[in-house]
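Per chain, numbering begins at 1; letters A, B, ... match sequence-line order. Fair warning: this is a prediction, and the values are worked out from it, not measured in the lab.
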Amino acid sequence: MPPYYITTAIDYTNAAPHIGHAYEKVLADVMARYQRLVGREVYFLTGVDQHGQKVQKSADKAGLSPQAFVDGVTEHFTALWTKLGVCYDGWAATTDDKHKRVVQAMLQRLHDEGQLYKQTYKGSYSVRAEQFLTDKERGEDGNFGEEWGEVVELEEDNWYFRMSPHIEWLKDFIRSHPQFIFPAHRANDVLNALENFGSMDLCISRPIERLTWGIPLPFDPRFVNYVWFDALANYLSFAGYMAEEAGNTTMPDFSSLWPAAAQVIGKDILIPAHAVYWPIMLRALGFSDEQMPQLIVHGWWNLKGGKISKSLGNVIDPNALADTFGPDGLRYYLMHDIATGYDADFSDERILMAYNKELGGGLGNLLNRTLKMANNYRQGRIATGTYDDDINAALRQTVADAEAAYPAKMESWAIHHGIDEAWKIVTAANGFIEQTAPFKLAKDESAGPRLDSVLHHLAEAIAHVTVLLQPIMPTMCERIREQLGWALPAGFQLKDLHWGMLPAGHQLGEGVPLFPRVEVAV
RNA sequence: CGCGGGAUAGAGCAGCCCGGUAGCUCGUCAGGCUCAUAACCUGGAGGUCAUUGGUUCAAAUCCAAUUCCCGCAACCA
């Protein structure tokens, strides 16, 4: 089985990361961890898009060189990923020389093959916005509004990429490959957009008089590349594409990674960038239909009602949320309260509830009460014995059912449903305690064997939960296992789950609350 | 008639693809328990599954129409 190559959009280093950036990276990280859990080799690539006019302007404003400016902003991203446990294998920074060389090699090749051409464009140019204006920017009266400042007629040469010859192919490809875009309904959006696309080619350059902060065109030094062959190409360059031509060493083996199994992006950059430009770029470079990647298009976190709690601070700052609820608390919320591909409303009340009621009251409390009883009654030692009954069997069945249903949910990006499966075990185990009342069994000498079996079932069930939730809450699952006195054996895979992972005589640890209640006046 | 998404208990949502007693989290009310992070368990109240029509023995689920909300292209996940 080939490695699982998963990418995310690379974030534009013009401002600090917000909740949406965090969601996308955590989503990809959860899938990467899940794939590792099922034993697959994973290459997880994420990074930052550092070139462009906005960066150049922001850097000027801050009195920094563009590189110094992006380095500073980039640190906010890398620090957040470290904090949130986003564990990537490759870091795609577009100012990386390795990347620049590949982009130049790609462009040179397309140029040599006649897929690029130079043309003069004449139009209305806003000096203030530093961009050409189209009819869309015209106001009701047909003139450009004051917000554009001085508008002049300007003539400018630029390089273009021939996209028109591929538009019909793309339509056919999308229709015949429903797997290309997930969720499927987004494909209709793309096809609809393509109908109005005409025969537009893509402008891929800016003259250096206007933009210097970019990758120079190798065949025409008076221009730098503009956006797409820089930003989108990261998925190729950092996977080892054209490494030899570019003189890059120690790169991944491209042939084994491509096509990417999942390219996780937001719905805003599907059209036209990822669903139009990107596949056409790939095709122009010679990739076949079978070598097209799969796009995973996620929705947005909206702030409905704009209700922001002062006591929580700026509620959409992922750093503040991670400080309050822990990195894994935030990861849990971000994965649980949204269906992949759809939008959700961010709610500070909901994250507080998810943390206190579900993580604290549900999972955390289950662990804590189990360990307390085991330590009080049995010095934390597991005894398996021969006692069994229907109540025990029912709990084992719940565990088995959840583990049977879990993989399909995760594979299909229904992360919230995967979590639900794990939670069925948590709920059943809490109910199991009420049914069996180990605290009563402890007072009855003759009930000793049953008490042993009850405590064993609880500890074992929790161990199973930590495996299912491992991709979502890696740190907390490990902490739980520490308290259980148990660790995942080296090379452990999902299929290695079985009843009896905690052997007779196993020594449990001490219970310390892992999700201490957060008290906030919302 | 541009396209797409949504409409399910007080709130937020799942279920819809593959029709068969309407489910989850929270809130609320009443009990229970006492091992536990003021937590846990049980039960109740609360829903004409937006509307209308169709297919069917049977529709939240399939089909058709209607209404209302939310998005929709350039450097913003």
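Residue R517(A) has a polar side-chain atom (N or O) positioned under 4.0 Å from OP1 or OP2 of A39(B). Look at K267(A) and you won't find any side-chain N or O under 4.0 angstrom from OP1 or OP2 of G4(B).
For A73(B), the base has no donor-acceptor partner in the side chain of Y277(A) [N/O atoms by modelled type, under 3.5 angstrom]. A donor and an acceptor atom sit less than 3.5 Å apart, one in the side chain of N365(A) and one in the base of A36(B).
With C35(B), C3(B), U37(B) as the candidates, the nucleotide lying closest to the side chain of P513(A) is U37(B). Between C33(B), C75(B), U25(B), one nucleotide has an atom nearer to the side chain of M353(A) than all others, and that is U25(B). For H298(A), taking side-chain heavy atoms from C-beta onward, the closest of the listed nucleotides A77(B), U37(B), U25(B) is A77(B). In the set U37(B), A77(B), C26(B), U37(B) carries the atom at the smallest distance from any side-chain atom of N368(A). Picking from A77(B), C35(B), C26(B) the nucleotide with the shortest atom distance to the side chain of E434(A) gives C35(B).
Residue H336(A) is out of contact with every strand shown, counting any heavy-atom pair closer than 4.0 Å. Residue contacts for G20(A): at a heavy-atom cut-off of 4.0 Å it reaches a base atom on one of the strands shown. Among the heavy atoms of the strands, none lies under 4.0 Å from D337(A). No engagement by K25(A) is indicated, since no non-hydrogen atom pair under 4.0 Å with the nucleic acid exists. Across all strands shown, P516(A) has heavy atoms under 4.0 Å from base atoms, whether or not it also approaches the sugar-phosphate. Residue contacts for L27(A): at a heavy-atom cut-off of 4.0 Å it reaches no nucleic acid atom on any strand shown. The residue G431(A) sits close only to the backbone: its heavy atoms come under 4.0 Å of sugar-phosphate atoms, none of a base. Heavy atoms of Y377(A) sit under 4.0 angstrom from primed sugar atoms or phosphate atoms, though from no base atom. Nucleic acid contact for Q435(A): none, since no nucleic acid atom lies under 4.0 Å from a heavy atom of the residue. No contact: L367(A) has no heavy atom under 4.0 Å from any strand. As judged by a 4.0 angstrom heavy-atom cut-off over every strand, R350(A) is placed among residues touching the sugar-phosphate backbone only. If you check every strand for non-hydrogen atoms under 4.0 Å, G511(A) touches nothing.
If you measure from atom OH of Y342(A) to atom P of A77(B), you get 23 Å, rounded to the nearest angstrom. Put simply, CD on E358(A) is 6 Å from C1' on U25(B), counting in whole angstrom units. Going from atom CD1 of I181(A) over to atom C1' of G4(B) covers 13 Å, rounded to whole Å. When rounded to the nearest whole Å, the span between CD1 of I480(A) and P of A36(B) equals 19 Å. Nucleotide A73(B) holds its C1' atom 8 Å from the CD1 atom of I271(A), rounded to whole Å. A straight line from CH2 of W423(A) to P of A14(B) spans 19 Å, rounded to a whole angstrom. Straight-line distance from the CD1 atom of I265(A) to the P atom of C75(B): 16 Å, rounded to whole Å.
At most 12 heavy atoms of other shown residues, nucleotides or ligands fall within 6.0 angstrom of atom CZ in R479(A).
With sequence neighbours excluded, no residue forms a ring pair (Phe, Tyr, Trp, His ring centres under 6.0 Å) with F439(A).
Comparing the C1' positions of G19(B) and G31(B) gives a spacing of 39 Å, expressed to the nearest Å. Taking atom C1' in both A9(B) and G44(B), one finds a spacing of 14 Å when rounded to whole Å. Separating the P atom of A11(B) from that of G47(B) is a span of 12 Å, rounded to the nearest Å. Between the C1' atoms of A39(B) and G46(B), the separation comes to 26 Å (whole Å).
Between the CZ atom of F515(A) and the OH atom of Y332(A) there is a distance of 9.5 Å, given to the nearest 0.5 Å.
Both tests do not hold together for R450(A) against Y387(A): distance to the six-membered ring centre under 6.0 Å, angle to the ring axis within 45°.
In the model, Q397(A) has a side-chain atom that pairs as donor or acceptor with a side-chain atom of D401(A) under 3.5 Å.
As the counterpart of G46(B), no nucleotide is assigned, since no Watson-Crick or G-U wobble pattern has both distances under 3.5 Å.
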